[in-house]
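Please read the structure below before turning to the comments.
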Amino acid sequence: TTALDSNEEKGIPATAFFKELPTNNTAGPLCVPMIIVGGGTAAWSALEAIYEKNPTAQVLVVTEEPYAPYNRTPLSKEMWSIPSIAAANISKDTRAELEYKYHLPKQPESYRASIMSNVSVTRLVPSENKIELSNGMEIFYEKLLLATGGKPSVSELVNMSSLDPSIQQGIITYRGIADFERLYKSFVNPETRNITILGGGFLGSELACSLQTRLHQENNTKKQITLLCPEAGVLGKFLPRYLSDYITKQMKRYNIDVRPGVSVFDVVPSKSSEDMNEHSRLQLQLFGWKDNEHITDQVVIAVGITPRQELAEEAGLETDPVAGGIRVNAAMQVEGNIYAAGDVASFWDRALGRRRVEHWDHALVTGRIAGENMAGGNVTYDWESMFWCDLVGLNISFEATGIIDSSLRTVGVWTLKNSLRRGEFSDQVLNEGVVWYLRGNQVVGALLWNREGKGLDVARQIIGSKHQISSVQDLTNLIPIQSE
Ligand code: FAD
Ligand code: NAD
């Protein structure tokens with residue numbers, strides 16, 4: 001019998017089942033044909049694929065966030081520049097616009113699936129096809145997708161549990177809508193004079209630019225945005241040194257207080273005399289900075305994520321000891337009837353080997369493959385996903401595909417121009433370019449600078465064919481760059 005039949009046997013009608021999902025097990029154990037764990041892009045994409053293949057599919061999504069699955073990418077960019085976000089709450093109109101444009105969460109009713117939000121899956125028992133939930137329920141599945149993404153890393157940086165609650169309040173990590181709403185509240189509070197972002201990766205750099213742009217828009221010179229990163233420059237883990245230096249310089253000129261080469265070793269209440277009457281100010285104790293300390297009102301930790309593989313690990317499923325994450329095959333299958341996709345999946349890339357990717361397009365593509373296969377399809381991964389990064393206000397955006405890692409050898413092909421516009425950067429501006437990343441002589445990654453994605457398909461083909469160069473000159477014309 002199928003899970004659905006067994007529910008019907010228990011008197012739960014198939015058609016009504018999903019909108020009237022029991023919230024406890026008093027009527028006996030619940031069985032569901034397809035369960036998706038997670039409320040991010042991989043979950044969203046899997047749902048789309050499942051319903052395309054089987055419009056009458058019966059799917060349950062369990063997510064610990066209070067929303068239906070949504071896209072996180074506007075949270076470090078557009079959300080800070082939409083004028084109608086005047087209060088900490090996202091207004092109804094804005095929400096409708098964001099749902100449409102960026103698929104921020106739709107109302108659960110508009111999904112065909114049943115969405116169980118504010119509930120975590122606490123245990124997975126593959127031998128019984130069962131999950132256990134934080135609300136005490138047990139649910140049986142026929143097919144399961146783990147789309148659990150990652151959680152922001154903090155532990156090695158700040159031992160949150162040892163901090164006084166008043167200090168904890170001033171420190172946040174940033175991953176979802178609830179974090180946006182919290183940071184927004186702090187940002188608009190006149191008492192917040194400084195916001196300090198720890199980490200110069202994608203999140204830290206995008207957020208710093210978006211917050212500073214908002215301050216410029218409001219002519220607000222009373223607040224300061226600081227970014228501390230251990231690398232020699234912003235995005236230094238990913239970009240060649242000259243490019244990281246260039247962005248760092250542009251951010252400083254944009255009035256962001258960027259401090260490269262700095263690590264934080266403790267956070268304590270501020271004891272400075274000017275703050276004697278304040279309770280919320282924090283003092284960061286620093287390595288690598290001349291004053292060894294920095295006073296702030298709000299800390300945002302953006303030091304990477306840890307894949308949420310604990311359900312799989314405890315269930316004895318295979319995880320990746322190198323890249324982290326849950327190991328899947330090309331069909332996004334972990335084993336038998338269990339699938340994984342998105343940030344949490346360690347997958348086999350035909351051109352680049354086993355790896356894990358923490359970007360939106362990858363979650364979209366792998367979520368789709370998992371969903372289609374769960375609905376009876378037979379598709380495999382044969383693609384190179386892309387990502388984009390927008391530094392709002394600096395007029396810098398880039399797209400990339402493959403491995404983007406500054407420890408690799410890179411070759412850049414550029415056109416340069418002098419910015420003549422008054423009030424803007426006076427020295428040379430990197431106009432348009434391609435940076436190739438090489439492992440030995442093999443092209444393994446490409447970054448397209450200010451090109452609005454033009455050239456991505458060519459880059460994908462080159463990476464996918466394991467293209468070997470015989471000299472650096474080979475790279476100059478692979479993607480034509482317009483000269484000024
Ligand atoms: P997630 O989106 O992390 O979703 C995982 C979900 O699983 C969450 O809802 C979580 O609460 C839930 N969950 C985990 N464990 C459990 C459990 N046990 N029980 C129930 N629920 C659980 N990428 C780009 O390419 N370009 C960008 O511009 C970009 N901007 C970004 C901006 C921000 C602010 C952030 C945070 C990320 C950005 N990314 C961007 C990265 C991109 O958003 C991620 O790669 C993508 O969200 C991964 O999707 P996912 O579904 O795998 O995981
Ligand atoms: P990241 O991996 O992009 O960057 C991590 C950064 O953390 C490092 O570059 C470093 O500056 C910093 N760091 C690491 N250890 C540190 C320490 N001990 N002290 C101080 N700094 C330290 O991660 P993120 O920027 O936190 O972003 C979170 C996730 O969101 C990532 O998966 C990222 O890919 C994703 N994201 C992607 C985009 C995009 O693709 N445009 C935008 C925002 C977020």
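Order of appearance sets the numbers: ligands from 1, and atoms from 1 within every ligand.
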Problem set entry | Proximal atoms of ligand 1 relative to Glu65 (non-hydrogen, under 4.0 Å) | 8 (C), 9 (O), 11 (O)
For this session: Would you check if there is a donor-acceptor pair between the side chains of Glu132 and Thr122 at a distance under 3.5 Å?
Result: no
For this session: Please lay out, stage by stage, how Tyr246 and Gln250 fare under the test side chain to side chain donor-acceptor pair (under 3.5 Å).
Result: CA-CA 6 Å; Tyr246 177 81; Gln250 307 291 30; 2.9 Å; yes
For this session: Could you name the option among Gly304, Pro230, Gly201 that has the heavy atom nearest to atom 23 (O) of ligand 2?
Result: Gly304
For this session: May I ask which of Trp388, Trp360, Phe387 has a heavy atom nearer to atom 41 (N) of ligand 2 than the others do?
Result: Trp388
For this session: Could you say whether the N/O atoms of Leu228 and ligand 2 ever approach to under 3.5 Å?
Result: no
Problem set entry | Shortest non-hydrogen separation from Ala49 to Arg368 and the atoms involved | CB-O, 3.4 Å
For this session: Report the part of Trp388 in contact with ligand 1, treating N, CA, C, O as backbone and CB onward as side chain, heavy atoms under 4.0 Å; options are side chain, backbone, both, neither.
Result: both
Problem set entry | Polar atom proximity, Glu310 to ligand 1 (N or O, under 3.5 Å) | no
Problem set entry | Nearest-contact summary for atom 2 (O) of ligand 1 - protein heavy atom, Å | Arg72 NE, 2.6 Å
Exercise. Just heavy atoms, cut-off under 4.0 Å: does Leu203 contact ligand 1 by side chain, backbone, both, or neither?
Worked result: side chain
Exercise. Does Ser120 reach ligand 1 with a nitrogen or oxygen that is under 3.5 Å from one of the ligand's nitrogen or oxygen atoms?
Worked result: no
Problem set entry | Sub-3.5 Å N/O-N/O distance, Asp361 and ligand 1 | no
Exercise. Any idea which atoms of ligand 2 are less than 4.0 Å away from a heavy-atom of Ile305?
Worked result: 28 (C), 29 (C), 32 (O)
For this session: Mind checking whether His362 contacts ligand 1 via backbone (N, CA, C, O), side chain (CB onward), both or neither, at a 4.0 Å heavy-atom cut-off?
Result: neither
For this session: Compute the minimum heavy-atom distance from Asn71 to ligand 1 and say whether it is under 4.0 Å.
Result: no
Problem set entry | Part of Phe238 within contact of ligand 2 (heavy atoms, under 4.0 Å) | side chain
Problem set entry | Numbering as shown, the atoms of ligand 1 that approach Gly38 to under 4.0 Å (heavy-atom distance) | 6 (C), 7 (O), 12 (C)
For this session: Identify, by atom number and element, the atoms of ligand 1 in contact range of Ala363, meaning under 4.0 Å from any of its heavy atoms.
Result: 48 (C), 49 (O)
Exercise. Considering Phe202, Tyr174, Phe398, which one's heavy-atom position lies nearest to atom 3 (O) of ligand 2?
Worked result: Phe202
Exercise. Are any of the N or O atoms of Gly39 closer than 3.5 Å to those of ligand 1?
Worked result: yes
Seminar exercise, completed: atom 51 (O) of ligand 1 has as its nearest protein heavy atom Ala42 N, 2.9 Å
Exercise. Given that the side chain starts at C-beta and the backbone is N, CA, C, O, which of these parts of Leu203 lies under 4.0 Å from ligand 2, counting heavy atoms, or is it both or neither?
Worked result: both
For this session: Return yes or no for this condition: an N or O of Val121 is under 3.5 Å from an N or O of ligand 1.
Result: yes
Problem set entry | Residue selection (non-hydrogen contact nearest atom 42 (C) of ligand 2) among Arg175, Arg72, Glu206, Glu231 | Glu206
Exercise. Given Thr196 and Asn194, is the side chain to side chain donor-acceptor pair (under 3.5 Å) satisfied, shown in steps?
Worked result: CA-CA 6 Å; Thr196 299; Asn194 176 280; 2.6 Å; yes
Exercise. Do you see a donor-acceptor pair shorter than 3.5 Å between the side chains of Trp360 and Thr41?
Worked result: yes
For this session: Would you check whether His359 has a nitrogen or oxygen atom less than 3.5 angstrom from a nitrogen or oxygen atom of ligand 2?
Result: yes
Problem set entry | Glu358 N/O to ligand 2 N/O under 3.5 Å | yes
Exercise. Counting from 1, what ligand 1 atoms have a heavy atom of Lys77 closer than 4.0 Å?
Worked result: 27 (C), 28 (O), 29 (C), 30 (N)
